[in-house]
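First the structure, in the form of structure tokens, and then the observations on it.
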Amino acid sequence: FFDHGDPISVHTLAGAAREILESLCRLDGIEPMTDFILKDHPTKARKDIWSAMNLYRNCFKHLGKTVEERAADLATLNQFEEADNEFLLYVCVEDYVRLRKAMPISYQIFQAWFVALHLDLLVDDSRSSAFKHAFPSLIEKARVEQKRLGREMMERMANDDGLLSDPRTEPLDLIYSYGRGA
């Protein structure tokens with residue numbers, strides 16, 4: 001994601017991961033992030049929320065059977081933006097931490113980056129200063145700069161002793177062992 005990988009591939013993989021992580025949460029009796037989304041939108045039908053969450057993923061995965069279905073899918077795909085991936089990745093990270101009670105540093109950085117970018121949606125003013133400090137003026141920056149700052153923070157913090165010794169940090173970040181970030 002931060003390395004500007006193909007946004008369709010990022011979305012498709014994240015969509016599959018979201019589905020698996022949600023299932024694992026449910027198997028362990030843990031409330032997944034989608035349940036929180038449903039609670040935040042009590043007047044919306046569960047089916048409609050699921051359809052919205054899987055909108056692009058389904059178009060990337062399936063070819064419509066009719067000319068009309070394919071035209072509708074194309075119209076949907078023409079609305080897809082790379083920034084749509086950050087919301088899906090955030091849901092994955094949230095379910096991952098619910099499930100594991102810990103997460104790799106790269107996930108922690110992505111989570112902080114996402115919250116800093118969406119302070120108005122996720123935190124109250126009393127908690128926003130840490131995110132603003134970590135990623136100053138993130139909202140005002142161009143997209144490529146926003147992602148560069150996330151990647152740089154990930155590289156800076158990858159070997160931070162304080163984070164590595166925290167029990168909420170998974171001791172082995174397999175993503176970095178392969179030289180890739182979130």
Is it true that atom [atom1] of [X] has more than 12 heavy atoms of other residues, nucleotides or ligands lying nearer than 6.0 Å?
X: Asp28; atom1: CG; answer: yes
X: Arg100; atom1: CZ; answer: no
X: His133; atom1: NE2; answer: no
X: Arg168; atom1: CZ; answer: no

Do Met154 and Arg151 pass the side-chain contact (heavy atoms from CB on, under 4.5 Å) test, and can you show the C-alpha distance, the side-chain angles, and the key distance before you say yes or no? CA-CA 5 Å; Met154 222 180 268; Arg151 181 67 174 143; 3.9 Å; yes
Please check this pair: side chain of [X] against backbone of [Y], looking for a donor-acceptor N/O pair closer than 3.5 Å.
X: Glu22; Y: Asp95; answer: no
X: Asp3; Y: Gly5; answer: no
X: Arg98; Y: Glu94; answer: yes
X: Asp160; Y: Gly162; answer: yes

Nearest heavy-atom neighbours spanning [X] and [Y]:
X: Pro136; Y: Lys141; result: O-CE, 3.7 Å
X: His62; Y: Asp73; result: O-OD2, 3.9 Å
X: Lys65; Y: Glu69; result: N-OE1, 2.6 Å
X: Ala14; Y: Cys92; result: O-SG, 3.3 Å
X: Ile139; Y: Leu117; result: CG1-O, 3.7 Å
X: Met153; Y: Ala134; result: CE-O, 3.3 Å

Are Phe135 and Ile109 close enough that some pair of their side-chain heavy atoms sits under 4.5 Å apart? yes
Does any non-hydrogen side-chain atom of Tyr96 lie less than 4.5 Å from one of Glu170? yes
[atom1]-[atom2] distance between [X] and [Y], expressed to the nearest 0.5 angstrom:
X: Asn85; Y: Ile8; atom1: CG; atom2: CD1; answer: 9.5 Å
X: Leu89; Y: Asp84; atom1: CG; atom2: CG; answer: 11.0 Å
X: Arg18; Y: Arg57; atom1: CZ; atom2: CZ; answer: 6.0 Å
X: Asp161; Y: Asp166; atom1: CG; atom2: CG; answer: 12.5 Å
X: Met157; Y: Gln108; atom1: CE; atom2: CD; answer: 8.5 Å
X: Glu31; Y: Leu38; atom1: CD; atom2: CG; answer: 9.5 Å

Would you please name every residue forming a side chain to side chain contact (heavy atoms under 4.5 Å, CB included) with Ser9, sequence neighbours left out? Asp6
ILVMFWY network linking [X] to [Y], side-chain heavy atoms under 4.5 angstrom:
X: Val10; Y: Leu77; result: no
X: Leu74; Y: Leu55; result: no
X: Ile30; Y: Val97; result: yes
X: Phe114; Y: Phe2; result: yes
X: Leu99; Y: Leu13; result: no

I want to know whether His11 and Phe80 have ring centres closer than 6.0 Å. yes
Step-by-step side-chain contact (heavy atoms from CB on, under 4.5 Å) determination, Asn58 to Thr76: CA-CA 10 Å; Asn58 289 341; Thr76 297; over 6 Å; no
Evaluate the criterion salt bridge (charged side-chain N to carboxylate O under 4.0 Å, His left out) for residue pair Arg143 and Glu81; output intermediate values, then yes/no. CA-CA 12 Å; Arg143 183 64 175 175; Glu81 296 180 9; over 6 Å; no
Between Val144 and His4, does the side-chain contact (heavy atoms from CB on, under 4.5 Å) criterion hold? Intermediate values first, please. CA-CA 9 Å; Val144 72; His4 306 285; 3.8 Å; yes
The residue among Phe131, Phe1, Tyr90 that forms ring pair (Phe, Tyr, Trp, His ring centres under 6.0 Å) with Trp113 is Phe1
So Arg26 and Asp35, side-chain contact (heavy atoms from CB on, under 4.5 Å) or not? Walk me through it. CA-CA 10 Å; Arg26 289 190 191 287; Asp35 286 358; 2.8 Å; yes
